[in-house]
Protein chains: 2
Amino acid sequence: MVRSAAELFAGRAYDGVSIDDLVTHLGLHRNSLYKTFGSKRGLYLAALRWSLEHDVAPLIDRVSRAAGPGEGLREALSPPGGGAGLDLLLLAAVERAPVDAEVAELVTRTLDALDAATGVPDGTGDPGDPGDPDGGPGALAVALTSAVLGLRIRARAGAPGADAGRACEALGRRLATR
Amino acid sequence: MVRSAAELFAGRAYDGVSIDDLVTHLGLHRNSLYKTFGSKRGLYLAALRWSLEHDVAPLIDRVSRAAGPGEGLREALSPPGGGAGLDLLLLAAVERAPVDAEVAELVTRTLDALDAATGVPDGTGDPGDPGDPDGGPGALAVALTSAVLGLRIRARAGAPGADAGRACEALGRRLATR
DNA sequence: GAGATTAAGGAACGATCGTTCTTGACTGAG
DNA sequence: CTCAGTCAAGAACGATCGTTCCTTAATCTC
């Protein structure tokens, strides 16, 4: 149920998903929705948390176990389960986080975890260069996960699609050497 | 007028900006809006085109003239003019392009131009590696511009902010060497 | 100066939004 | 059997959405 809601919210913007859409695509009916989740926002938060736990968290696990940075992040773009993947997190970051503090908190915490999972060093020449300088992973890891978000955007926007894998592979190779 | 509309649409989602918001924040009044642009979507498209021409195009110019890939893209994150910058393009790519073919066309064409402006080689080991293999810039350039989009997302989502510059700098250094 | 044209400023429209209330059938305990 | 409680199903609510229409004031032409 919550998973179906997550898939709907991952497909289009928050305002683009109406209560009628939710009621018809899900089995659940109006009364139960408000009884259980309180409001549309409540259901959205539940769906977001579900997606972060069941889609993104396993992905973070696989990334942290991957051989190189490129390999792990390439499969981040095409999740095996066929679920919402990163899309709900992406939409939440772009359109909900700026107007919803609770969403912003969830998003930043998840992205920070994804940064840490890459295991990529800082990459700046600043003092205290390696790994974790002072709280939080390195600048290069932030850039890498940001690239994944951007590639997912371009795939959604209708790019040819196949070159997303090539782009991630090329980037991973550059970051892996040395 | 169109610029003010672009700033509004860059700030929140398309459905989050109402006609009342537009007529109050802009000087223009309802009748003229529909006389001139036909519909809300018409005004949105005009604003998007304006932003692409006045915000993104100069940015692409500066990127193509920058010394290294990192230097040019870092200022892409904090445009000097203080305008909408990449935000309208970003929102258009995430939430409008999947449901509006005309927006998708504008977005993909602009992003392709940004790729080409980086002057970054392909980076894959594929045959025909250097520069433009067959139509369109290299995979590494796609990854680089995608990273810029992702960093802008994280800045909007409430990240500490300062590390976006560090991330872009670190990535630029990695891509410049060799 | 008189008449035609245009734009401003709202009122008003139907549709749809998120939310709540009412109704009717079903279930378990006494 | 009876009755309190639960839940599906949908009607209905006020608010707001995008869009159109109407009235009035200003501008331009002859």
Side-chain angles (χ1 to χ4, degrees), chain A residues 1-51 84 87-88 91-104 106-107, chain B residues 1-51 84 87-88 91-104 106-107:
Chain A
M1 163 93 52
V2 177
R3 185 187 66 218
S4 300
E7 288 170 5
L8 267 184
F9 281 123
R12 42 201 150 113
Y14 177 81
D15 287 320
V17 178
S18 69
I19 299 288
D20 283 334
D21 290 333
L22 292 166
V23 168
T24 55
H25 285 73
L26 282 53
L28 143 96
H29 286 273
R30 269 183 175 68
N31 226 337
S32 320
L33 191 157
Y34 283 93
K35 186 83 164 184
T36 311
F37 302 102
S39 68
K40 181 185 180 182
R41 177 174 176 269
L43 174 55
Y44 178 82
L45 283 174
L48 177 58
R49 275 191 250 264
W50 191 95
S51 176
D87 282 10
L88 183 50
L91 269 164
V94 172
E95 66 154 7
R96 295 311 297 167
V99 296
D100 191 321
E102 201 164 349
V103 172
L106 286 169
V107 166
Chain B
M1 163 94 53
V2 177
R3 184 188 65 217
S4 299
E7 290 170 3
L8 266 184
F9 281 123
R12 42 202 150 112
Y14 177 80
D15 286 319
V17 178
S18 70
I19 300 288
D20 283 334
D21 290 333
L22 291 167
V23 298
T24 54
H25 284 74
L26 281 54
L28 141 97
H29 286 274
R30 268 183 176 67
N31 226 337
S32 321
L33 191 157
Y34 282 93
K35 185 83 164 183
T36 310
F37 302 102
S39 68
K40 181 185 180 182
R41 177 175 176 269
L43 174 55
Y44 178 82
L45 283 174
L48 177 58
R49 276 192 250 264
W50 191 94
S51 176
D87 282 10
L88 183 50
L91 269 163
V94 172
E95 68 152 7
R96 296 310 299 166
V99 297
D100 191 322
E102 201 163 348
V103 172
L106 285 169
V107 166

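Letters A, B, ... mirror the listed sequences (proteins, then strands); counts begin at 1.
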Which value, rounded to the nearest 0.5 Å, describes the distance between [X] atom [atom1] and [Y] atom [atom2]?
{"X": "B:L43", "Y": "B:L28", "atom1": "CG", "atom2": "CG", "value": "7.5 Å"}
{"X": "B:K35", "Y": "B:S32", "atom1": "NZ", "atom2": "OG", "value": "9.5 Å"}
{"X": "A:L22", "Y": "A:H29", "atom1": "CG", "atom2": "NE2", "value": "12.5 Å"}

Exercise for the section: Output all residues satisfying side-chain contact (heavy atoms from CB on, under 4.5 Å) with B:V23, sequence neighbours left out; order by chain, then residue number. Expected result: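 B:V23 satisfies side-chain contact (heavy atoms from CB on, under 4.5 Å) with B:I19, B:D20, B:R30, B:L33 once adjacent residues are dropped.
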
Completion exercise
Sequence neighbours excluded, the answer for side-chain contact (heavy atoms from CB on, under 4.5 Å) partners of A:A104 is A:A97

Practice task
Shoot me the first and last contacting nucleotide of DNA chain C against chain A, ordered 5' to 3', at under 4.0 angstrom to non-hydrogen atoms.
Solution key: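 First and last nucleotides in contact are C:dC17 to C:dT22.
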
Exercise for the section: May I ask you to test the A:W50-A:L88 pair for a side-chain heavy-atom distance under 4.5 Å? Expected result: no

Handout entry: 4.5 Å side-chain heavy-atom contact, B:L91 and B:R96
Key = no

Problem - Pairs meeting criterion ring pair (Phe, Tyr, Trp, His ring centres under 6.0 Å) with involvement of residues 6-25 of chain A, two or more places apart - result: A:F9-A:Y14, A:F9-A:Y44, A:Y14-A:Y44

Fill in the blank from the handout: For A:Y34, the ring pair (Phe, Tyr, Trp, His ring centres under 6.0 Å) test, sequence neighbours excluded, returns none

Could you identify which residues of [range] place a heavy atom less than 4.0 Å from some atom of DNA chain D, listed by residue number, or say none?
{"range": "residues 15-30 of chain A", "answer": "A:H29, A:R30"}
{"range": "residues 92-102 of chain A", "answer": "none"}
{"range": "residues 33-40 of chain B", "answer": "B:Y34, B:S39, B:K40"}

Exercise for the section: Can you sort out the partners of B:R41 under side chain to side chain donor-acceptor pair (under 3.5 Å), two or more places apart, ordered by chain and number? Expected result: B:D100, B:E102

Handout entry: side chain to side chain donor-acceptor pair (under 3.5 Å) against B:S18, all qualifying residues, sequence neighbours excluded
Key =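 With sequence neighbours excluded, B:S18 shows a side chain to side chain donor-acceptor pair (under 3.5 Å) to B:D21, given in chain and number order.
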
Fill in the blank from the handout: All heavy atoms of A:A93 vs all of A:P98, minimum pair found to be O-CD, 3.7 Å

